[in-house]
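Please read the structure below before turning to the comments.
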Amino acid sequence: MSQDPPSLFEPDDVGRPLADRLRPQTLADVVGQEHLLGPDAPIGRMVAEHRLVSMVLWGPPGCGKTTIARLLAERTDLVFEPLSATFSGVAELRKIFQAAAKRREVGQGTLLFVDEIHRFNRAQQDSFLPYVEGGTIVLVGATTENPSFELNAALLSRCQVFVLKRLDEPALTTLTERAEETTGRALPLDEPARQALIAMADGDGRYLLNLIEQLQTVAGTLDVAGLAELVQQRAPIYDKSQEGHYNLISALHKSMRGSDPDAALYWLARMLDGGEDPLYIARRLVRFANEDIAIADPQAVHQALAAWDVYERLGSPEGELAIAQAVVYLATASKSIAVYRGFNAARKLAKQTGSLMPPAHILNSPTKLMKDLGYGEGYEYDPHSPGGFSGADYFPEGMDREHIYQPSGNGYERLIAERTAGWERLRQQKHGGTER
């Protein structure tokens, strides 16, 4: 007669975190990463063929990187050598490489798992190359940072990068149910509090199980308020110096560009909740106003500058409302990159044409010599011309006229487009329909 498995709370398990007790024992037990581990998925196919390549597992905390690496070693009969880049250096690596070389002589392979591999410097990363290329080790690196920024090109070219997903609600629900089944006790939460617990985990399975462990001694049933009093909600995953920083400012920028004030306010809130410097956001709003709106709404840059000024005067949290106001204004303003394109075209043209002199008729002539050379001769003062427009040519002599600024017709630029078109007709009439 088979015996029931021991309880998680028997003496042998005392002191072991719940997350460790529930660590998956097979790849099929890993939740949320079916796109990599399923039978027809990239890593799943490699395991089925009993053939692993060196790889980098890139994903957020608590999504299963370490567990997957350990299970890969078990499924492919490789010796599992774990290493943390935070606490290890070249000396530890050299010992592992030597041991792996000896194993290889007797037909035994080694899977070297390096947690936080992005913390190794370039020289340390280079030390992997001959052992990875020669097959002495199968390298599995884990990182929460974008490998293309943190790992050198030579190492990346020898590894496949697999992106692990943040655990979604169904995956976290599965972990919650497994914890209840294993402990033999339902969570002491009503349904709204249960959903709040999953939201608090923010995609991190390990953190969810740690929260559940805090609830093991609770009597009665907690609502959302009671849950919030008992457990500490984690800070949002957001590193102001790494990829999360650039991802969220990109999301804010593109939401405003796409005229979506709702999404723009959401990303603004995400950045502020993550601890982003509001002045950094204010500076980016000014840039956005000039780059994506410009003369389509001349007030846009003033709104952005005003938000910056208000925040510097009031600070947080009052000043953040001014930034939110600017975000909504910029998101709902007419958009145009005509000035941006025109300025880039002008700089390109300036480099191509070199040091061409301005036409003589627009040059000042403070000396007799300069007057004798024709400086200022024939200059027409536009405000005194009919319609305030002389139609004179201000490009260098011998250079064809270029239409550098082409207004979009959005917002205020619609009026500018009408004006420039009218001026062009007058210019054509003055020069007989030709341009030099």
Side-chain angles (χ1 to χ4, degrees), residues 23-24 26-28 30 32-61 63-165 243:
R23 192 177 296 276
T26 68
L27 288 172
V30 178
Q33 311 304 334
E34 292 80 6
H35 65 294
L36 296 177
L37 304 179
D40 296 324
I43 296 179
R45 287 195 299 269
M46 279 192 269
V47 171
E49 296 170 2
H50 220 68
R51 177 190 56 81
L52 288 183
V53 299
S54 291
M55 65 184 73
V56 174
L57 302 178
W58 172 27
C63 66
K65 297 184 291 293
T66 303
T67 295
I68 289 172
R70 177 178 58 81
L71 294 174
L72 288 178
E74 292 179 3
R75 286 290 307 273
T76 55
D77 299 322
L78 298 176
V79 173
F80 184 64
E81 285 276 13
L83 186 71
S84 172
T86 304
F87 303 108
S88 305
V90 173
E92 289 82 1
L93 286 173
R94 188 176 296 114
K95 292 178 183 178
I96 290 174
F97 293 149
Q98 290 173 349
K102 291 181 179 179
R103 292 191 198 100
R104 192 181 184 198
E105 292 176 357
V106 297
Q108 176 66 63
T110 301
L111 186 152
L112 172 58
F113 172 68
V114 182
D115 196 19
E116 304 290 342
I117 192 171
H118 62 275
R119 295 189 182 276
F120 275 141
N121 61 37
R122 300 288 175 175
Q124 291 169 320
Q125 291 179 31
D126 285 341
S127 68
F128 289 106
L129 299 180
Y131 301 99
V132 170
E133 195 165 53
T136 303
I137 62 169
V138 172
L139 173 65
V140 178
T143 179
T144 56
E145 305 297 339
N146 190 327
S148 60
F149 297 151
E150 304 296 335
L151 302 184
N152 65 39
L155 184 57
L156 277 178
S157 70
R158 292 163 174 80
C159 299
Q160 289 192 34
V161 176
F162 295 111
V163 181
L164 279 72
K165 296 179 180 180
E243 194 196 15

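Source: prediction; values computed, not measured.
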Calculate, to the nearest 0.5 Å, the distance between atoms [atom1] and [atom2] belonging to [X] and [Y] respectively.
{"X": "W58", "Y": "C63", "atom1": "CH2", "atom2": "SG", "answer": "11.5 Å"}
{"X": "Q124", "Y": "I117", "atom1": "CD", "atom2": "CD1", "answer": "10.5 Å"}
{"X": "I43", "Y": "I68", "atom1": "CD1", "atom2": "CD1", "answer": "6.0 Å"}
{"X": "K95", "Y": "L83", "atom1": "NZ", "atom2": "CG", "answer": "11.5 Å"}
{"X": "E133", "Y": "L139", "atom1": "CD", "atom2": "CG", "answer": "13.0 Å"}
{"X": "D126", "Y": "F120", "atom1": "CG", "atom2": "CZ", "answer": "12.5 Å"}

Determine yes or no for a side-chain-to-main-chain donor-acceptor pair under 3.5 angstrom, with [X] supplying the side chain and [Y] the backbone.
{"X": "E49", "Y": "M46", "answer": "no"}
{"X": "R158", "Y": "A154", "answer": "yes"}
{"X": "H35", "Y": "V163", "answer": "yes"}
{"X": "Q33", "Y": "K165", "answer": "yes"}
{"X": "Q125", "Y": "R119", "answer": "no"}

Cationic N near anionic O, under 4.0 Å, R122 to E150:
no

Specify the closest pair of heavy atoms between [X] and [Y], including all atoms of both residues, with the distance to one decimal.
{"X": "T143", "Y": "H118", "answer": "OG1-ND1, 2.8 Å"}
{"X": "A85", "Y": "E116", "answer": "CB-O, 3.0 Å"}
{"X": "L151", "Y": "V56", "answer": "CD1-CG2, 3.8 Å"}
{"X": "A100", "Y": "I137", "answer": "CB-CG2, 3.7 Å"}

So [Y] and [X], do their side chains get closer than 4.5 Å, heavy atoms only?
{"X": "L72", "Y": "L27", "result": "yes"}
{"X": "I96", "Y": "L112", "result": "yes"}
{"X": "L52", "Y": "L111", "result": "yes"}
{"X": "T144", "Y": "K65", "result": "yes"}
{"X": "M55", "Y": "V161", "result": "no"}
{"X": "S127", "Y": "F97", "result": "yes"}
{"X": "F113", "Y": "F80", "result": "yes"}
{"X": "T136", "Y": "T110", "result": "no"}

Side chains of D77 and H50: do they bring a donor and an acceptor to under 3.5 Å?
yes

Check: R23/T67 side-chain N/O donor and acceptor closer than 3.5 Å:
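Short answer, yes.
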
When you look at R70 and R75, which way does the side chain to side chain contact (heavy atoms under 4.5 Å, CB included) test go after all the steps?
CA-CA 9 Å; R70 177 178 58 81; R75 286 290 307 273; over 6 Å; no

